[in-house]
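Scroll down for the structure; my scribbles are underneath it.
So that the names make sense, note that chain A is the first sequence line, chain B the second, and so on, each numbered from 1.
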Amino acid sequence: DTAVSQTPKYLVTQMGNDKSIKCEQNLGHDTMYWYKQDSKKFLKIMFSYNNKELIINETVPNRFSPKSPDKAHLNLHINSLELGDSAVYFCASSLGPRRQGRTEAFFGQGTRLTVV
Amino acid sequence: AQKVTQAQTEISVVEKEDVTLDCVYETRDTTYYLFWYKQPPSGELVFLIRRNSFDEQNEISGRYSWNFQKSTSSFNFTITASQVVDSAVYFCALRHNRDDKIIFGKGTRLHILP
């Protein structure tokens with residue numbers, strides 16, 4: 001059973017298109033994240049949600065809109081894709097704020113987005 | 001401000017040598033968590049270890065060991081008798097207890113040469 005799964009794994013699309021990446025976790029975690037990893041391997045947090053509520057929004061362009069229909073899912077929709085959006089996008093989940101125990105984030109396998 | 005610094009961008013060592021990856025963090029919080037992750041060439045992010053701010057015990061797990069020192073805000077990672085399979089990018093990360101934000105250092109790319 002995959003703990004954090006995201007689809008698709010690869011996404012190639014033209015500039016100006018709109019695309020979505022889906023993420024699901026079956027760990028019962030309260031917090032989910034989206035991270036962007038650029039070509040230099042820098043991992044930057046984009047958003048986090050706790051129990052469907054937006055907690056962190058790290059000055060990401062408005063073209064990126066996360067949606068959390070329930071605490072097990074966090075999808076990322078990107079409008080009007082640009083060349084600079086090409087990157088690997090990782091979904092992750094963790095227990096939640098002020099929780100003890102296994103506080104690390106569990107990551108999905110990543111979605112490699114290529115904008116041409 | 002919250003910050004993680006991995007000053008070593010890239011390291012190359014010959015197989016069987018020991019290697020230490022450095023991590024220095026900044027935080028104003030008293031409760032926080034530190035992690036190391038490994039990203040092999042296949043691309044997934046693999047969790048290696050967690051350490052919380054009130055537990056300064058060092059840890060050894062097989063060939064891996066971690067040295068956490070609050071006095072110097074460092075959380076270094078040592079691989080003993082390195083192997084080619086250890087070649088990967090290694091990330092140090094910091095999480096605050098109050099808002100769950102996890103930030104990563106820029107990573108250290110480790111090459112183990114046969």
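- The number of heavy-atom neighbours closer than 6.0 Å to CG of A/D70, taken from other residues, nucleotides and ligands shown, is above 12.
- With A/Y33 contributing its side chain and B/I102 its backbone, the two residues share no donor-acceptor pair below 3.5 Å.
- Note: B/L45 CG to A/L43 CG = 5.5 Å, rounded to the nearest 0.5 Å.
- Follow the hydrophobic side-chain contacts under 4.5 Å out from B/L21 and you never reach B/L113; the two are in separate clusters.
- Among B/E44, B/R109, B/K106, the residue with the largest count of heavy-atom pairs under 4.5 Å with chain A is B/K106.
- One hydrophobic cluster holds both A/F64 and A/L11 under the rule that ILVMFWY side chains link at heavy-atom gaps under 4.5 Å.
- Closest of all the heavy-atom pairs between A/T103 and B/R50 is OG1-CD, 3.3 Å.
- In terms of hydrophobic clustering, with Ile, Leu, Val, Met, Phe, Trp and Tyr side chains grouped at heavy-atom distances under 4.5 Å, B/Y33 and B/L48 are assigned to different clusters.
- Note on B/V84: it does not cluster hydrophobically with B/V46, by side-chain heavy-atom contacts below 4.5 Å among ILVMFWY residues.
- Taking a 6.0 Å sphere around CD of B/E10, one finds it holds more than 12 heavy atoms contributed by other residues, nucleotides or ligands.
- Rounded to the nearest 0.5 Å, atoms NZ (A/K40) and OG1 (B/T9) are 10.5 Å apart.
- A/E58 has a carboxylate O that lies under 4.0 Å from a charged side-chain N of B/K101, or vice versa, which qualifies the two as a salt bridge.
- A/I45 touches chain B through its side chain: at least one heavy atom from C-beta onward sits under 4.5 Å away, while N, CA, C and O do not.
- Formation of a donor-acceptor pair under 3.5 Å by the B/Y37 side chain with backbone atoms of A/A105 is found in this model.
- Contact detail for A/Q37 and B/F91: the closest heavy-atom pair is NE2-CZ, 3.5 Å.
- Residue A/M15 is grouped with residue A/L76 when hydrophobic side chains (ILVMFWY) are merged at heavy-atom distances under 4.5 angstrom, including chains of intermediate members.
- Between A/Y35 and B/F104, the distance separating the two ring centers is shorter than 6.0 angstrom.
- The 12-atom threshold is exceeded at NZ of A/K41, counting heavy atoms of other residues, nucleotides or ligands nearer than 6.0 Å.
- For the atom pair A/S94 OG and B/F35 CZ, the distance stands at 8.0 Å (nearest 0.5 Å).
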